[in-house]
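Structure first, commentary second.
Source: prediction; values computed, not measured.
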Amino acid sequence: MSAQRVKTYVHIWILVLTALAAARVDADTLRVPSQFPNIQAAIDAAVNGDTVLVADGRYSGLGNIGLDFGGKAITVRSEHGPGSTTIDCQRQDRGFIFQNDEPPEAILEGLTISDGLASAESIGGPAGGGILVLTGSPTIRDCHIISCEANNSGGGLYADTGASPTVRNCTIADNTASNGGGGLLLRGGEAAIAGCTITRNQTTFGSGGGILIIEGQPTLRNCSITDNTAAGRGGGMSASSRRAELSIEDCRIAGNVSGSFGGGVSLWWASTIANCVIEGNEALYGGGGVSCALGVTIRNCTIRGNVASGKGAAGAGIYAWWRFTTIVDSCVISDNWILQDGIGAGVFCDSSASIIRNCTIVRNRTSKGSGGGLAYSGTGQHTLANCTVAANSAMSFGGGVLGAEWGAVLVNDSIIWDNSAAEGGQLALLDSSTVDVFYSDVRGGPAAIHIAPNAVLSWAVGNIVTPPQFVSSPLNFHLRLDSPCIDAGDPAALHAGQADIDGELRVWNGRVDMGSDEFGSFRFGDLNCDGRADGGDIDAFFLALGDPAGYSVVFPGCDILLGDMNGDGRVDGADIDPFFACLGGGPCP
């Protein structure tokens, strides 16, 4: 073969390969409706790695609902986001079904799925009104799943046993399930729900207005779970069995309602809630904020303004019940309310061991019942350590803390102050309960504690009855510089590496403080209380010098004595030079 002919063949092959590559690039994006008449036709033509790109508009009818990826690792997405592209199911079918072990690379993105319906006649049955995940681990992101219904479970989305979808940055709203999981139902696997808004979903009969978890180890991160309603447990979310171990972090759970227990959250078995705000939820019987059992941990959360509304209700903030140890660590539990005759407005621990530590429990109240701050019942051993229990109220017994029905409570390194009740404003012991108090500040001491004839109080070493000198009770329960609770806790207690309610170092000067706040972790010179002594404190410092009353109004959570840079007990002109020396990197008190 001549050299010229070889060159010609090579040139021809280069042209062929270039054409094939160009054709492949064009085939990577399959457009609906310009290239394919409906979405399912484009999915059927796609191969792994392809993208089905859906133009703006509303899509309904055959080929645009009940869509099936067929196990392919493809992306189906809208061109301009969920606000522009809608799968309108018109209550004829659900939007999508995943039933062929789709991998994480099977991606559904940027679509609104509305008015889906899962009935007994639907493929896969009456579950998953918007999306049904029977198998696999598909990724669903930046989608809106709205106004869908399941005649059984999972109004918006249902993930079956073993399925582990990732649902990210989605809005799941106004969906309904007749049984459980108005917004989502997760039956198993390791589903990951992140950055989602789950709102106004409901169950007409079962549990989990927003989310119901049957089993598995799902995670929820950075989600907003609001205004959902459940006829049963868990207005916001419910884990309904011992086989469900949840991790819930950085979520806001608010305005949810339960017709049973757990207005915000109802949990079983070794789950964790961390860094969450749980507020304004309501439950009929108990756990307006959280109802939990079997070893749940609640850490660094704010639980406030929740309600237990029924007669005989318990635990408007937290209701911990049954076996194993509930741990509540570094939480603010405030302004929770039992509307009728009930018990434990802030926290109620019933037949469940508990460790409550580094918590601020304030301004909780019962309208007719007992245990304004906390109430303990049953045979478990309970520990209340380094907590501030203040400004709570109960109509009957135990404005601050109530021991009832064999409850055994160990109170150490805590402040119980300015609570109120008809009997035992700070502490009340009923029904064979036992309470041991040591290294704590309790207003009125033993003489002000109500002790039933068959109850036992042990008033041990280290206790004081001196006003704790809060910054601005009932608004701010941090300690002032002159507080007798500073360095007054148990000298033998081990707190190395622990933090106070603000996440700041727990022990300064070698001995722990009483209460939830460790004063030494405040920085002198930090007059705006942002955790730093820097240029941002200059205006606040001069306001403290010139107008102390005005300073308290502008910075109600700060202690003016943080400006006492020379330690003479006053904030005056003598503090100016050491203040600026501290800001400039020099010595600070």
Side-chain angles (χ1 to χ4, degrees), residues 180-181 186 206-218 220 225 230-248 251 253 256 258-274 276 278 281-299 301 303 306 308 310 312-329 331 333 336 338 342-357 359 371 374-384 404-409:
L186 309 175
S207 298
I211 308 171
L212 175 61
I213 296 96
I214 303 297
E215 57 186 51
Q217 296 177 311
L220 286 91
I225 303 168
R233 292 178 179 268
M237 71 172 67
S238 175
S240 62
S241 81
R242 301 188 196 182
R243 297 186 297 274
E245 298 182 22
L246 286 72
S247 177
I248 306 166
C251 293
I253 303 169
N256 304 285
S258 164
S260 177
F261 292 89
V265 184
S266 176
L267 297 178
W268 285 49
W269 194 253
S271 296
T272 300
I273 308 174
C276 292
I278 303 171
N281 304 283
E282 180 179 341
L284 183 61
Y285 300 133
V290 180
S291 173
C292 57
L294 298 174
V296 168
T297 296
I298 305 170
R299 185 175 62 249
C301 291
I303 301 171
N306 302 285
I318 299 173
Y319 175 30
W321 60 289
W322 212 18
R323 296 175 296 176
F324 300 163
T325 301
T326 298
I327 297 174
V328 184
D329 192 0
C331 292
I333 303 167
N336 301 287
I338 292 180
I343 185 170
V347 183
F348 180 47
C349 296
D350 182 17
S351 300
S352 171
S354 67
I355 298 173
I356 301 176
R357 62 193 176 208
C359 290
L374 305 97
Y376 298 93
S377 177
T379 57
Q381 176 63 58
H382 306 280
T383 298
L384 182 69
E405 295 182 359
W406 305 97
V409 187

Taking only residues two or more places apart in sequence, or in another chain, which ones meet [X] in a side chain to side chain contact (heavy atoms under 4.5 Å, CB included)?
X      : value
Ala345 : Ile338, Asn364, Thr366
Ala353 : Thr325
Ala283 : Ser258
Ala313 : Ala308

Flag, side chain of [X] to backbone of [Y], donor-acceptor distance under 3.5 Å:
X      : Y      : value
Asn281 : Ile253 : yes
Asn306 : Gly263 : no
Ser260 : Gly232 : no
Ser238 : Gly208 : no
Asn256 : Gly210 : no

- [ ] Begin from the C-alpha positions of Ile214 and Leu186 and carry the test side chain to side chain contact (heavy atoms under 4.5 Å, CB included) through to its verdict.
- [x] CA-CA 6 Å; Ile214 303 297; Leu186 309 175; over 6 Å; no
Interatomic distance, [X] atom [atom1] to [Y] atom [atom2] [nearest 0.5 angstrom]:
X      : Y      : atom1 : atom2 : value
Ile225 : Ile248 : CD1   : CD1   : 7.0 Å
Ile356 : Ile333 : CD1   : CD1   : 6.5 Å
Ile343 : Tyr319 : CD1   : OH    : 10.0 Å

- [ ] Take Ile298 and Cys331, measure what side chain to side chain contact (heavy atoms under 4.5 Å, CB included) needs, and give me the verdict at the end.
- [x] CA-CA 8 Å; Ile298 305 170; Cys331 292; 3.9 Å; yes
Open item on the list: Restricting to non-hydrogen atoms, name the atom on Phe261 and the atom on Ser266 that form the minimum distance, rounded to 0.1 Å.
Closed with: O-CB, 4.0 Å
Task: Closest contact, heavy atoms only, Ala316 versus Asn336 - done: CB-CB, 3.9 Å
Open item on the list: With ring-ring contact (aromatic ring centres under 6.0 Å, His included) as the test, pick out the partner of Trp321 among Tyr376, Trp268, Phe348.
Closed with: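 Looking at Tyr376, Trp268, Phe348, the match for Trp321 under the ring-ring contact (aromatic ring centres under 6.0 Å, His included) is Trp268.
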- [ ] May I ask you to say whether Arg299 pairs ionically with Asp329, meaning some side-chain N is under 4.0 Å from a carboxylate O?
- [x] no
TODO: Sequence neighbours left out, what passes side-chain hydrogen bond (donor to acceptor under 3.5 Å, both in side chains) with Ser354? Give chain and number order.
DONE: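 In terms of side-chain hydrogen bond (donor to acceptor under 3.5 Å, both in side chains), with neighbours along the sequence ignored, Ser354 is linked to His382.
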Open item on the list: Can you list everything that forms a side-chain hydrogen bond (donor to acceptor under 3.5 Å, both in side chains) with Glu405? Sequence neighbours excluded, please.
Closed with: Ser377
Open item on the list: Under the side-chain contact (heavy atoms from CB on, under 4.5 Å) test against Ile273, which residue among Thr297, Val290, Ile303 passes?
Closed with: Val290
- [ ] Run the numbers on Ser247 and Leu220 for side chain to side chain contact (heavy atoms under 4.5 Å, CB included), then give the verdict.
- [x] CA-CA 6 Å; Ser247 177; Leu220 286 91; over 6 Å; no
Task: Ile318 side chain near Cys292 side chain, heavy-atom distance below 4.5 Å - done: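 Yes, their side chains come closer than 4.5 Å.
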- [ ] Could you walk me through whether Val265 and Ser291 pass the side chain to side chain contact (heavy atoms under 4.5 Å, CB included) test, one step at a time?
- [x] CA-CA 6 Å; Val265 184; Ser291 173; over 6 Å; no
